[in-house]
Structure formats: structure tokens, C-alpha cells
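Heads up, the thing below is written out as C-alpha cells.
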Amino acid sequence: MSINAELARLFSEMAAVMELTGANPFKTAAMNKAARQLKDLTFDIASIAADKKRLMEIDGIGEGMAGRIMEFKQTGRIREHDELIASIPPGLLQVTRIPGVGPKTAKLLWEKCGVVDLVTLKEKIDCGALVGIPRMGEKTIANILKSLEFVEKSSERTRIGIAMPLAESIVEHLAAMNGVERVQYAGSLRRGCETIGDLDIVACSTNPGALAEAFATMAMVEQVLTKGETKVSVRIHQGMQVDLRIVPLESFGAALLYFTGSKEHNVALRERAIKRGMTLNEYGLFPDDYERRQRRRTPPPSEGGSQGVGTTEISSGDSPTPQPSPSRERVKSAAIASKTEEEIYRALELPFIPPELRENRGEFASEIPKLIEFDDIKAELHAHTRASDGKFTIEELAAEAKKRGFHTIAVTDHSKSSALAGGLSPDGLRAHIEAVRKASERAEGITILAGSEVDILPDGSLDYDDELLAQLDIVIASPHAGLKHDPDRATARMLRAVRHPLVHIIGHPTGRLIGSREGINPRMDEVIAAAVEHDVALEINANYRRLDLRDTHVRAAVEAGAKIAINCDSHTVTDFDNLRYGIMTARRGWLPPHLCINTWSNAKLMKWLKSKR
DNA sequence: GCCGTTTTCGGCCCGACTGTTTTCAGTCG
């Protein structure tokens, strides 16, 4: 694999250890940012690792990071990383992954009672060794124990196709309550990320208390983690944490913006607000006056001060009682913008930025293009029938596609090497082509294409000979086996398939399965360049277990002007429903509709397909 | 450690909640 992922891992680890040992938090943040940038790169950093100037052109990579990257390229390690890792017990970082235990607590537990990993933590709790340590009260210890048990049994992040239906059912449940004015999911789910950590729900209600109670007592709730006036967190039986934030109706847009994130996008938005003399929080965009001055412990503005917003009671002189959230109190009178995301972006002199782009990956610097939408898709070009491993007959498949409003469906069963998936022998494929042609003649209102999802063999050749491939209307070439090849071999293999004159689409180009199989790591910039040169489309396989191409690959492909196909790889009726995840991934890759062959008219699509025959 | 409509120094986002505190630190998102 390319060194990007390894370098990203090293930088993340360094940042984590630095947090633990109490380094400058801004230095830690810089380290984390560099790790993230490296992870998102679509070319191999090794190719420029000898050139410090080019390294430093990457946002977040400065003098220091460039030096570390060069050191790694030359020596295969980063000395500073080795030293940091050696400075703490090897299992201590695991301890900071327990919800509620941060770097400060982990360090405290290590120094005060010898906790060095999850095992010793459990032992020390069981034998009562934590009692008496500063800030380690009975409740804190009980919470750590509970979280520890949760960490031990739960898997990490949840795939979007699992998280989305859960979120939708929660939203539906809450929306049906009396007094609920708005309710919507936010967070990484709304941004269309491939996996989701926690679910975030934003809601407005005329009866916030009842809403909080209803949320905390849903049937799926396993444990209530926190329950305050505006924020409730629960853990559900499915293993996820769900956070509900209740805000005033006037603040819905600001809250939705804030809780949709990403964190990096929010930070950039706030910096932008400050530069324009404003401050942004989850209640709205405000003139930069009262709150910031108060935080700096300087006196609040005098009566009739320059801002002239003294219409609320927040600064009621010498009242010793703590005030509930000045921002929330001020919303009605003082917010420059708060009701909708659109008006907040406008006030910050920005166009509306779609949630999928909110990653601080250039959305502030660039013009926002028109992104592809669900309704733009007019064809499914990758589907299986009973001839291989699908559940449809050809007619049933066509009927389903027609029902979904498509003008074209491609029948693309597996080729002979995919034996477990019932791949067709050459004679089997010939007979199948005949059957598809006959069905197509009878079909009304939909074009049925005879195709194949043909295996890209380990050497990059295809699973059928050219004479047979030439008879097909559409050829998808996909890797199914040999998914552990090194990058050199994987790149050569994929390039050979891209250059094959009869191939239209490269299916799920890396063969990854999210959370369970890494797949191959061909040098994607080379594959993309070849795809552009040979006029081959790269697939976003919309199955939520794949999402392959992934978002960053799509972005690189779009920048290179490559054609993209978004296909559901349908084997059953419900597979068609995965299209939404493919669309979200495409949007995260900044895909405009015209580059996606599934949006084209039937005539345009047929012309392109025939250009390769 | 990075970065620049605050440009080579001096900033670097903001609020809610919990548990332990007697005024706030730590964590999270």
C-alpha cells in the first residue's frame, strides 16, 4: 500500500501521545490535521517525498511535517514517533478511547495508580484502587466501568446503510409528538459519510421537556448517558450513541449547521465570522460583542453601548445567579442570522454549501458546482439475474427498473471465474445474451442491455475473449479475486483492464468491503488518468458495504474529468434502494451530473456505448 | 506546528453537561 496511510497513522499516534503528555494543544491539532490530509490524498506521497517545496504546498504540511515525511521516506521511520511511543506504556492510548476518559484522566490513572492498559484498568477498578484519587468519585468510577464494558463489546463505526434507517425511524418517532416543530438528523450521516460514529438529531418543540423525556424512553434506548435541558444522549441497543439537541425554533438553522459539522468546516466558518466582526455558535450568528468580552473577563458593555442590543436581561448587573446561555437568550433580538443555514452562509458572504461538501476540503475557496442529485439518475447499468447470483428474472429486473423511472437497465451477470457467484461459461453467456435480446424486444418503455460483469483476472486480462465481449452492449470489468495484491501489481492490473478497448466501466475498482476487507490500493491517479485517456467510466458501487470508488477517489476523478457510473449492483429489489448512498458519495466527490453516465439520455448513452464496438 | 484580508509573530471555535468542586476541570461534539 502507499505510504500515505502509514504516515497518517504515525502522525495520529504522535498527536495522541502528545495530548497525553500535555504538549501544546495547537501543535497536537496541527499533527492531527496533517494526518487527515495524508489520509485523504489520492496520490502516493512517496512520489513527491524528495521535494520539500511540493510537500509544503499541501495544506497543513509545513516545514516540520515535510521534514518528518522526508525522514520516513528515507529511513522508514520517524524518530520522534519512536521516542513518543516509548515514553508511555503501549496500552495507554487504548484507555483514552473509552468514552469519558480523555488524555488528562488517562495520565492521572497511569501516574496515580499504575493503569497501563484496558486490562489493568479493569483490575484497578475491581480492587478499588481508584478510590481516593482526585476527581475520581463513586459515579465517575462507575461510569468508566460501564464505558469500558461498552468498548469491549461494541464494534467501531456503523455503515451508513445501517445508520440511516435507524436515524429515520427516530426522526419519524419524534416528529409524531405533540409540540414538535422541527426534527432532523445532522452529523456525519447528513454529510453522507460512509460510516457513522454517533447519530445527531436536532429538534425544536413547544414542549422541550416532554420531547427530551420521549427521546430518553424510546424502546430502542439501552442507557441514558446524559439528560439536560437542551441535550440528551443515549446509547441504543444497536450499539450506537444518539444525541438529541433541542433548540429554540429561531435557532434551528444555526443548530443544524453546527451539528452537521464537520468540525473542520465549523472551525473555518467561525474563523470567517470572527474576521468579519461576528461570532457563530449553535444559536446563531451574532455581532462580536458581549459574549467574547465576557469570556475575556472584561466588563460587559455599558447601557446604551455602541452595539445597542441591550434588549435582554442577560447583563442584569450584579446578579450572582448563573445565567442560562446568553446566546440562547439573545437569539430573538440580536442574531444577524439563525433561522436557516442559507441565511447564515449568506451573512458570511458564502453560497449555500451542501452538507456533503462540509469537510474543509476547498469548499470555501472554490465555486460550488451544481452537484448530482438522486433524481438525475436515469439508468441502472449493473444488475444481476438468476443466471448468476441475482434473485430476478430478466423481466422482473426490467420491471423494477422501469418502476424506478429508469429508461435503461443493463443485465450484467458474473463471468466464469466468479464460480461461487454462479458465473456464466462462454456458452452460458451466449444463451443469456439471446434471452436478454428476446426480453428486450418484448419490453415496453425500457431498454434492456445485454452485458456482463466480467472478472479482471490477476494479470489484468479479462475473463472472456474479445470475440464474446464484442457481442455485449456493455462490459463492466471488476476485480473479485486477488484483492491482496501490492500497489504496483494492482496498478498494472487495473491499467490493463482500463486500456482494454471493449471495456465501458470499471466496477468497484478497489474491491474493498467497508470495515471488513481493505481491497487493493492501485495508484488511483494513474488509473484515473488512463480512464480519461481511454474514455472508460469508473464506477461508484452504491452498495453501502462497498461505496467503491470512495469519496476522495471520486473527487480526484472529477478533477481529472473522468466519467463516473453510479450503480446499485442490484441482486434484489432492496439493492436498488442503495442508490441514495451512491449519490451521497458522488456528491462528497463534487460530482456534477454531466460526468455521470447514468444521468444521460438513452440516445446519448447508447451512442457512447456503441463507440466502443 | 501551521498560517497570513491579523503575513514572519501571535493567534489558533464554542457551548453543554457531569461530577466534583465551593468556582471549575475535563470531556465531548
Side-chain angles (χ1 to χ4, degrees), chain A residues 11 14-15 18-19 22-35 37 55-68 80 96-109 133-144 147 186-188 196-202 212 224-233 241-247 251 254-255 257-286 288 291-292 294-295 297 320 322-328 349 360 364:
Chain A
F11 281 178
M14 286 163 73
M18 283 157 58
E19 265 191 329
N24 176 353
F26 298 112
K27 190 173 164 179
T28 310
M31 199 67 85
N32 271 322
K33 182 177 181 183
Q37 293 294 84
L55 286 174
M56 288 175 66
E57 281 168 12
I58 301 168
D59 185 38
I61 307 293
E63 185 90 32
M65 299 298 178
R68 292 180 177 92
E80 188 187 0
T96 65
R97 302 217 171 97
I98 298 169
V101 179
K104 296 271 167 53
T105 308
K107 190 172 182 225
L108 184 75
L109 292 174
I133 292 177
R135 305 197 66 81
M136 281 293 139
E138 199 180 325
K139 277 191 172 175
T140 301
I141 295 172
N143 283 340
I144 291 176
S147 293
S188 51
I196 313 300
D198 301 335
L199 293 179
D200 296 290
I201 316 276
V202 181
V224 178
L225 299 170
T226 69
K227 188 158 177 282
E229 195 184 332
T230 65
K231 176 183 171 178
V232 187
S233 294
Q241 182 175 325
V242 190
D243 297 333
L244 173 69
R245 306 293 298 234
I246 306 172
V247 297
S251 295
L257 179 65
Y258 184 81
F259 293 109
T260 295
S262 65
K263 191 165 179 271
E264 290 79 9
H265 181 84
N266 285 348
V267 168
L269 274 184
R270 286 173 180 207
E271 285 171 356
R272 194 178 175 94
I274 288 167
K275 280 179 186 154
R276 284 164 177 71
M278 298 178 271
T279 179
L280 178 64
N281 59 34
E282 61 260 55
Y283 298 107
L285 183 65
F286 301 92
D288 181 8
E291 289 90 354
R292 288 181 70 80
Q294 192 183 49
R295 273 200 302 282
R297 302 254 182 272
Q323 297 294 337
S325 174
S327 297
R328 214 188 319 160
E349 298 170 70
N360 198 14
F364 299 106

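Every chain is numbered from 1 and lettered A, B, ... according to where its sequence line falls, protein lines coming before strand lines. A quick note: this is a predicted structure, and the numbers were derived from the prediction, not measured.
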### Message
Going by purine N1 to pyrimidine N3 plus the second Watson-Crick contact, or the G-U wobble pair, all under 3.5 Å, which nucleotide sits opposite B:dT8?
### Response
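Per the H-bond distance test, none.
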
Can you check the [X] [atom1] to [N] [atom2] distance for me, whole Å?
{"X": "A:Asp200", "N": "B:dG29", "atom1": "CG", "atom2": "P", "value": "8 Å"}
{"X": "A:Phe259", "N": "B:dC17", "atom1": "CZ", "atom2": "C1'", "value": "12 Å"}
{"X": "A:Arg270", "N": "B:dG11", "atom1": "CZ", "atom2": "C1'", "value": "17 Å"}
{"X": "A:Asn266", "N": "B:dC28", "atom1": "CG", "atom2": "P", "value": "18 Å"}
{"X": "A:Arg276", "N": "B:dC13", "atom1": "CZ", "atom2": "P", "value": "16 Å"}
{"X": "A:Asp198", "N": "B:dC28", "atom1": "CG", "atom2": "P", "value": "11 Å"}
{"X": "A:Lys104", "N": "B:dG26", "atom1": "NZ", "atom2": "P", "value": "5 Å"}
{"X": "A:Lys263", "N": "B:dC12", "atom1": "NZ", "atom2": "P", "value": "15 Å"}

### Query
Considering only heavy atoms and no angle criterion, is a donor-acceptor pair shorter than 3.5 Å present between the side chain of A:Tyr258 and the base of B:dG29?
yes

Distances for protein N/O vs nucleotides 18-22 of chain B N/O pairs under 3.5 angstrom?
| from | atom 1 | to | atom 2 | distance (Å) |
| --- | --- | --- | --- | --- |
| B:dT18 | OP1 | A:Lys227 | N | 2.9 |
| B:dG19 | OP1 | A:Asn143 | ND2 | 3.1 |
| B:dG19 | O3' | A:Thr140 | OG1 | 2.7 |
| B:dG19 | N2 | A:Arg135 | NH2 | 2.7 |
| B:dT20 | OP1 | A:Gly137 | N | 2.5 |
| B:dT20 | OP1 | A:Gly137 | O | 3.1 |
| B:dT20 | OP1 | A:Glu138 | N | 3.4 |
| B:dT20 | OP1 | A:Thr140 | N | 3.4 |
| B:dT20 | OP1 | A:Thr140 | OG1 | 3.0 |

### Task
Would you mind telling me which of A:Ile274, A:Asn266, A:Leu269 makes a side chain to side chain contact (heavy atoms under 4.5 Å, CB included) with A:Leu280?
A:Leu269

### Query
Think A:Ser233 has a side-chain N or O under 4.0 angstrom from the OP1 or OP2 of B:dC28?
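Checking B:dC28 against A:Ser233, no side-chain N or O comes under 4.0 Å of OP1 or OP2.
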
### Message
With a cut-off of less than 4.0 Å, is there a side-chain N or O of A:Thr279 near OP1 or OP2 of B:dC14?
### Response
yes

If you measure from the [atom1] atom in [N] to the same atom in [M], how many Å do you get, rounded?
{"N": "B:dC13", "M": "B:dC17", "atom1": "P", "result": "22 Å"}
{"N": "B:dC9", "M": "B:dC14", "atom1": "C1'", "result": "25 Å"}
{"N": "B:dA25", "M": "B:dT21", "atom1": "C1'", "result": "9 Å"}
{"N": "B:dT8", "M": "B:dC2", "atom1": "C1'", "result": "12 Å"}
{"N": "B:dG15", "M": "B:dT22", "atom1": "P", "result": "26 Å"}
{"N": "B:dG29", "M": "B:dT23", "atom1": "P", "result": "30 Å"}
{"N": "B:dG11", "M": "B:dA16", "atom1": "P", "result": "26 Å"}
{"N": "B:dC12", "M": "B:dT7", "atom1": "P", "result": "14 Å"}

What does [X] touch in the nucleic acid at a heavy-atom separation under 4.0 angstrom: a base, only the sugar-phosphate, or nothing?
{"X": "A:Pro103", "value": "sugar-phosphate"}
{"X": "A:Leu108", "value": "nothing"}
{"X": "A:Leu269", "value": "nothing"}

Do you know which two heavy atoms are closest between [X] and [Y], and how far apart they sit?
{"X": "A:Ala254", "Y": "A:Gly284", "answer": "CB-N, 3.4 Å"}
{"X": "A:Ala186", "Y": "A:Val202", "answer": "CB-CG2, 4.1 Å"}
{"X": "A:Ala35", "Y": "A:Phe11", "answer": "CB-CB, 3.7 Å"}
{"X": "A:Met56", "Y": "A:Ala66", "answer": "CG-CB, 3.8 Å"}
{"X": "A:Leu285", "Y": "A:Met278", "answer": "CD2-SD, 3.7 Å"}

### Query
Has the side chain of A:Arg135 got a donor or acceptor atom that lies under 3.5 Å from a matching backbone atom of A:Thr140?
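The answer is no, because no donor-acceptor pair under 3.5 Å joins these two groups.
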
Each nucleotide N or O in nucleotides 1-8 of chain B that has a protein N or O under 3.5 Å away: list the pair and distance.
| from | atom 1 | to | atom 2 | distance (Å) |
| --- | --- | --- | --- | --- |
| B:dG1 | OP1 | A:Arg68 | NH2 | 2.9 |
| B:dG1 | O6 | A:Asn24 | ND2 | 3.3 |
| B:dC2 | OP1 | A:Gly62 | N | 2.7 |
| B:dC2 | OP1 | A:Gly62 | O | 3.4 |
| B:dC2 | OP1 | A:Met65 | N | 3.0 |
| B:dC2 | OP2 | A:Gly64 | N | 3.2 |
| B:dC3 | OP1 | A:Asp59 | OD1 | 3.3 |
| B:dC3 | OP1 | A:Gly60 | N | 2.6 |

### Message
Going by salt bridge (Lys or Arg N to Asp or Glu O under 4.0 Å), name the residues that satisfy it together with A:Arg270, two or more places apart in sequence or in a different chain.
### Response
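With neighbours one apart ignored, the set is empty.
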
### Query
Of all residues at least two apart in sequence or in a different chain, which pass the salt bridge (Lys or Arg N to Asp or Glu O under 4.0 Å) check with A:Glu63?
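A:Lys52.
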
### Listed partners of A:Phe364 passing ring pair (Phe, Tyr, Trp, His ring centres under 6.0 Å), at least two apart
A:His265

For residues 96-109 of chain A, which side-chain donor-acceptor pairs fall under 3.5 Å, sequence neighbours excluded?
| from | atom 1 | to | atom 2 | distance (Å) |
| --- | --- | --- | --- | --- |
| A:Thr96 | OG1 | A:Leu93 | O | 2.6 |

